[in-house]
Amino acid sequence: MNGNAVYEPPAIPTSWRVALPHTTAAVPVARALVRTALAEREHSADCDTAELLTAELVANAVEHTSGATPIELVLRLLPADFQVEVHDADPEPPRDLTRPNLDLPDPWQEHGRGLLLIRSLSSSCGHRPTESGKAVWFRLPGQRRPV
């Protein structure tokens, strides 16, 4: 034998990419995927906030885009953050995500608070064009807990 044998554990994935149906059924699936990813990798990002903001992004993609093209959920565990991206086929950027609307949402309306929540609760957020539409994203602070 030449040298010492060294065991190297397999690389642990730090990102997931999942196609979701373009229906409201995608929202609870996305929440469950976020919860599972954070628990499996023992990440310190706030799971409740991550689930809530992910649900808002997925619900917005379903409500504000048309067609049967699947929505794509991308989760990334970064060294000091947890990032969630939702990809859809509409190239139009979300209104008021990075430029806040100074008008408060009507308290009697059911809609109009999702982007406000994302801006308020995330450490950063934004959108970018993709080859097939756009990606809307947010980040939460946190890191993988030492084993």
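All values below come from the heavy atoms of this structure, side chains included, with hydrogens, waters and symmetry mates left out. Quick caveat: nothing in here was measured; it's all calculated off a predicted structure.
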How many angstroms lie between [atom1] in [X] and [atom2] in [Y], if you round to the nearest 0.5 Å?
| X | Y | atom1 | atom2 | result |
| --- | --- | --- | --- | --- |
| C47 | L52 | SG | CG | 11.0 Å |
| F138 | L53 | CZ | CG | 4.5 Å |
| I118 | E56 | CD1 | CD | 6.0 Å |
| I71 | T23 | CD1 | OG1 | 7.5 Å |
| L117 | C125 | CG | SG | 11.0 Å |

Please list, one pair per line, the donor and acceptor atoms closer than 3.5 Å that link side chains of residues 28-38 to other protein atoms, with sequence neighbours excluded.
residue: R31; atom: NE; partner: E51; partner atom: OE1; Å: 3.4
residue: R35; atom: NH1; partner: E51; partner atom: OE1; Å: 2.7
residue: R35; atom: NH1; partner: E51; partner atom: OE2; Å: 3.1
residue: T36; atom: OG1; partner: A32; partner atom: O; Å: 2.9

For this session: Would you name the heavy atoms of V27 and A55 that are closest together and state the gap between them?
Result: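 Distance-wise, the nearest heavy atoms are CG1-CB, 3.7 Å.
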Problem set entry | Closest non-hydrogen atom pair between H127 and W137, with its separation |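 Here H127 and W137 meet closest at N-NE1, 3.5 Å.
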Problem set entry | D90: side-chain hydrogen bond (donor to acceptor under 3.5 Å, both in side chains) partners, not counting sequence neighbours |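 With sequence neighbours excluded, D90 shows a side-chain hydrogen bond (donor to acceptor under 3.5 Å, both in side chains) to no residue whatsoever.
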Problem set entry | With T65 via side-chain hydrogen bond (donor to acceptor under 3.5 Å, both in side chains) - residues at least two apart |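 For T65, the residues satisfying side-chain hydrogen bond (donor to acceptor under 3.5 Å, both in side chains) (neighbours in sequence not counted) are H22.
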Would you say that [X] contacts [Y] through its side chain, given a criterion of any heavy-atom pair below 4.5 Å between the two side chains?
| X | Y | result |
| --- | --- | --- |
| R76 | S15 | yes |
| H64 | P94 | no |
| L57 | T54 | no |
| L75 | F82 | yes |
| V86 | N60 | no |
| R139 | L78 | yes |

How would you list, by chain and number, every residue that makes a side-chain contact (heavy atoms from CB on, under 4.5 Å) with [X], sequence neighbours excluded?
| X | result |
| --- | --- |
| A26 | L20, P21, V58 |
| E72 | R17, V74, H87 |
| S132 | T130 |

